[in-house]
Amino acid sequence: MPRFSKLVPAALLLALPACYHATIDTGLTPSTTVVEKAWASSFIGGLVPPSTVETQSKCRTGVSKVETQLSFLNMLVGFITLSIYTPMDIKVTCAQGGRSSIPSGASTLQVGASASPDALQKAFRQAAELSIEHGTPVYVAH
């Protein structure tokens, strides 16, 4: 039993400083514009997510990367509140502009910037049909 009592503190020292980090990378080139939301409130161990990070006004050309992280302090607060309140840090990196590269030889459908909702729906339907027919992706661009 004395050996077990020595292992528990050692295991806690290894586990407590750990943090959770998840990254979503869209493939777009990152810019220097970053939107951060520290201590975003989530509840019940993350089952109730934090409020939406409003990036549309700051990231006009899209999002390059989204990172969520539970730091040691975030997890400590979650532990103290029995995971009822679980804060996290959210970091969004805006894209430089443009879009991710389209592979050479890929099909592209051009849709005007002022296309009506019906025209957009028709273009996406046509893109889906072409994709099924050829077995390759079809990109819709405006």
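Just so it is clear, the structure is predicted and the values come from calculations on it, not from any experiment.
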Discussion item. Suppose the criterion is disulfide (SG to SG under 2.5 Å): which pairs have a residue in residues 45-97, not counting sequence neighbours?
Written reply: Cys59-Cys94
Item to complete: Just grab all the disulfide (SG to SG under 2.5 Å) pairs involving residues 105-142, residues at least two apart or on different chains.
Response: none
Counterpart residues, side-chain hydrogen bond (donor to acceptor under 3.5 Å, both in side chains), relative to [X] (two or more places apart):
X: His134; result: none
X: Asn74; result: Ser71
X: Lys37; result: Ser51

Item to complete: Report whether Tyr139 and Leu120 are members of the same hydrophobic cluster (ILVMFWY, side-chain heavy atoms less than 4.5 Å apart, transitive linking).
Response: no
Worksheet item: Does Glu54 offer a backbone N or O that forms a donor-acceptor pair with the side chain of Thr52 under 3.5 Å?
Response: no
Using side chain to side chain contact (heavy atoms under 4.5 Å, CB included) as the criterion, list what pairs up with [X], not counting sequence neighbours.
X: Pro30; answer: Ser64, Thr93
X: Ser131; answer: Val138
X: Ala119; answer: Ala115, Ser116
X: Gln121; answer: Asp118, Arg125

Fill in: Gln126 CD to Ser107 OG distance, which is reported to the nearest 0.5 Å
10.5 Å
Response to the item:
Between the OG1 atom in Thr136 and the CG atom in Leu130, the distance rounded to the nearest 0.5 Å is 8.5 Å
What are the two closest heavy atoms between [X] and [Y], and how far apart are they?
X: Leu70; Y: Met75; value: CB-CG, 3.9 Å
X: Leu109; Y: Ala123; value: CD1-O, 3.4 Å
X: Thr61; Y: Ala95; value: OG1-O, 2.7 Å

Discussion item. Run Leu28 and Val63 through side-chain contact (heavy atoms from CB on, under 4.5 Å) and show every step you take.
Written reply: CA-CA 7 Å; Leu28 297 175; Val63 172; over 6 Å; no
Practice prompt. Using the side-chain contact (heavy atoms from CB on, under 4.5 Å) rule, take Thr23 and Lys65 through it: C-alpha gap first, then chi angles, then the decisive distance, then the call.
Written response: CA-CA 7 Å; Thr23 302; Lys65 188 184 336 182; 3.4 Å; yes
Discussion item. So Ser42 and Pro50, do their side chains get closer than 4.5 Å, heavy atoms only?
Written reply: yes
Discussion item. List the residues meeting ring pair (Phe, Tyr, Trp, His ring centres under 6.0 Å) with Phe79, not counting sequence neighbours, and say none if there are none.
Written reply: none
Item to complete: Using ring pair (Phe, Tyr, Trp, His ring centres under 6.0 Å) as the criterion, list what pairs up with Phe124, not counting sequence neighbours.
Response: none
Discussion item. Run the side-chain contact (heavy atoms from CB on, under 4.5 Å) test on His21 and Thr68 for me, step by step, so that the C-alpha distance in whole Å, both residues' side-chain angles and the decisive distance to 0.1 Å come before the verdict.
Written reply: CA-CA 6 Å; His21 185 224; Thr68 59; over 6 Å; no
Name every donor-acceptor pair, under 3.5 Å, that has one atom in a side chain of residues 80-91 and the other anywhere in the protein, sequence neighbours excluded.
{"unit_1": "Thr81", "atom_1": "OG1", "unit_2": "Val77", "atom_2": "O", "d": "3.0"}
{"unit_1": "Thr81", "atom_1": "OG1", "unit_2": "Gly78", "atom_2": "O", "d": "3.3"}
{"unit_1": "Thr81", "atom_1": "OG1", "unit_2": "Tyr85", "atom_2": "N", "d": "3.3"}
{"unit_1": "Thr81", "atom_1": "OG1", "unit_2": "Tyr85", "atom_2": "O", "d": "2.9"}
{"unit_1": "Tyr85", "atom_1": "OH", "unit_2": "Ser41", "atom_2": "OG", "d": "3.3"}
{"unit_1": "Thr86", "atom_1": "OG1", "unit_2": "Gly45", "atom_2": "N", "d": "3.4"}
{"unit_1": "Thr86", "atom_1": "OG1", "unit_2": "Ser83", "atom_2": "O", "d": "3.3"}
{"unit_1": "Asp89", "atom_1": "OD1", "unit_2": "Trp39", "atom_2": "N", "d": "3.0"}

Worksheet item: Name the one of Thr33, Val66, Val92 that satisfies side chain to side chain contact (heavy atoms under 4.5 Å, CB included) with Thr55?
Response: Val92
